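Order of the sequence lines sets the chain letters (A, B, ...), proteins ahead of strands, with each chain counted from 1. No experiment lies behind these values; they were computed from the predicted model shown.
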There are 2 protein chains.
Amino acid sequence: MDREIKILIVEDDHAVREGLNMLISGSRGFNCVAACASAEEALKIIPETLPDVVLMDINLPGMNGIDCVVCIRSAHPEIQVMMLTVFDNSEDIFKSLAAGATGYLLKKTPPAKLLEAITELVNGGSPMSGEIARKVVQTFMKPSAYQFPDANLTPREEEILSYLAKGYLYKEIANALFINIETVRTHIHKIYQKLQVRTRTEVLLKFMNR
Amino acid sequence: MDREIKILIVEDDHAVREGLNMLISGSRGFNCVAACASAEEALKIIPETLPDVVLMDINLPGMNGIDCVVCIRSAHPEIQVMMLTVFDNSEDIFKSLAAGATGYLLKKTPPAKLLEAITELVNGGSPMSGEIARKVVQTFMKPSAYQFPDANLTPREEEILSYLAKGYLYKEIANALFINIETVRTHIHKIYQKLQVRTRTEVLLKFMNR
DNA sequence: ATAAAAATCACACATTCGTGTGATTGATTA
DNA sequence: TAATCAATCACACGAATGTGTGATTTTTAT
């Protein structure tokens with residue numbers, strides 16, 4: 001890890017782009033291999049420059065940053081993409097992560113923190129601004145934290161529920177647990193009563209956020 | 001934010017517990033209000049001490065740390081819990097977050113980073129060790145994102161799919177769209193072919209991540 | 001030791017779901 | 001204009017699911 005980190009910037013605002021360029025180029029261990037003003041330009045240059053990290057704005061003319069991430073990651077899965085944007089709304093965050101971004105910083109991040117985050121990114125981390133991380137973490141809380149704990153499911157019921165939620169057929173659950181399918185049906189019947197649902201689909205919807 | 005941050009430690013290993021206690025007590029702006037060796041002890045002391053932050057080990061005698069988080073958060077939702085453990089397996093991570101923990105650090109975290117993370121926690125962030133954050137972020141990446149957009153669903157099929165994903169029965173979809181249930185079945189049959197699935201549950205699982 | 005809870009299996013019935021095949025109508029397009 | 005596609009409806013069959021009721025065994029808790 002004593003090689004310079006090759007960075008490519010995608011940012012349509014000229015001033016911001018050049019600011020980032022100077023910051024990176026002027027920092028030991030970091031090398032800015034390109035600074036693009038559009039997603040299209042970046043996609044063209046990436047095969048030639050093969051950066052380690054892409055700093056990606058979301059709001060771009062033409063193709064947006066999130067779709068650009070999809071393109072980059074499908075062609076070069078080893079490239080780490082860090083979103084760098086002013087948007088902190090949930091939709092952008094989760095679309096970005098779903099698209100394959102592994103970091104998400106807000107533009108207000110101070111320069112030193114940005115460089116630190118880039119380093120963490122190439123070292124297998126996923127740096128996020130505080131409020132971003134909180135939103136990400138909170139998505140794990142809702143379903144299981146509110147409804148399920150008070151449903152008072154027994155350990156066995158929890159176990160069967162987990163198979164149910166994975167889409168296993170009753171007979172498959174029975175095979176996996178070495179019990180009769182009738183037993184599976186009995187358990188699921190009780191689970192449904194406790195969770196106040198009537199179908200497997202409703203269970204799935206409870207796992208998600210409605 | 002000029003008040004001292006009140007911290008409660010739950011950690012069964014005596015040496016680690018005292019080490020943390022000394023670190024916190026010896027740092028300006030941090031105040032260790034209690035250091036407990038078990039979850040039960042913590043639950044008893046919390047109402048008296050009302051900490052801002054709880055540092056929680058997972059592997060504890062008696063009640064484990066994750067269940068302890070559930071108890072704490074249900075009684076005191078304003079208390080922030082940071083897991084502090086040697087375990088970095090996915091199950092512990094996601095159970096902890098589901099239980100309501102908002103931070104997750106590994107024990108190898110250096111003291112300065114730990115204090116920084118506690119500060120970030122009370123400021124609305126969700127500090128995580130690098131490899132933890134990466135695992136969390138990766139759950140949002142969907143391989144299904146490839147198949148869905150290009151599945152070439154017609155507008156009507158998309159519409160019916162949306163009802164399907166909401167858990168509507170076939171007959172309910174038919175009523176909502178003023179069409180015959182047979183038509184619904186035909187559409188769904190084609191949708192399943194295009195999405196390469198065999199059950200409604202598999203569709204839901206495609207919507208989710210894995 | 002006894003009561004309660006959890007886990008197991010059984011049977012019957014009705015509903016829902018997924019598949020296969022086929023047909024009609026209207027709109028789009030080559 | 002002919003071919004294609006989207007949307008509609010129909011029928012039949014089997015698989016899977018959900019419900020109700022009841023029973024036995026094991027484990028846990030009081």
How long is the line joining NZ of B:K190 and C1' of D:dT4, in whole Å? 11 Å
Could you state the atom-to-atom distance from NZ of A:K194 to C1' of C:dA7 in whole Å? 11 Å
Within the structure, does a side-chain N or O atom of A:T183 lie under 4.0 Å from either OP1 or OP2 of C:dA7? no
For the side chain of B:R185, starting at C-beta, report the closest nucleotide among D:dA16, D:dA12, D:dT17. D:dA12
Taking only side-chain nitrogens and oxygens of A:Y170, does any of them come within less than 4.0 Å of OP1 or OP2 of D:dA15? no
side-chain N/O B:Y192 vs C:dG18 OP1/OP2, d < 4.0 Å: yes
Specify the residue among B:I160 and B:E182 whose closest nucleotide of DNA chain D lies further upstream toward the 5′ end. B:I160
Any heavy-atom pair between the side chains of A:N175 and A:Y170 that's under 4.5 Å? no
Criterion side-chain contact (heavy atoms from CB on, under 4.5 Å) against A:L55, the qualifying member of A:L121, A:I118, A:V81, A:V10: A:I118
Assign each of B:V197 and B:T186 to its nearest nucleotide of DNA chain C by heavy atoms, then name whichever residue's nucleotide is nearer the 5' end. B:V197
Just how far, in rounded Å, is C1' of C:dA6 from CG of A:L177? 15 Å
CD of B:E159 versus P of D:dA7: gap in Å, rounded? 9 Å
Separation of D:dG14 atom P from B:R198 atom CZ, nearest Å, is 17 Å
Does the pair B:R185/B:E182 count as a salt bridge with the N-to-O cut at 4.0 Å? yes
Pairwise side-chain contact, A:M56 with A:I9, heavy-atom cut-off 4.5 Å (strictly under): no
Rounding to an integer number of Å, can you tell me how far B:H189 NE2 sits from C:dT19 C1'? 5 Å
Please pick, from D:dA16, C:dT8, C:dT16, the nucleotide with the shortest atom-to-atom distance to any side-chain atom of A:L169. D:dA16
Give a yes or no on whether B:K190 atom NZ has more than 12 heavy-atom contacts from other residues, nucleotides or ligands under 6.0 Å away. no
Separation of C:dA5 P from A:E157 CD (nearest whole Å): 13 Å
Distance check needed: D:dT17 C1' versus A:E202 CD, whole Å only. 13 Å
Tell me whether the side-chain N or O atoms of B:R200 pair up with the base of C:dG18 as donor and acceptor below 3.5 Å, since no angle test is needed here. no
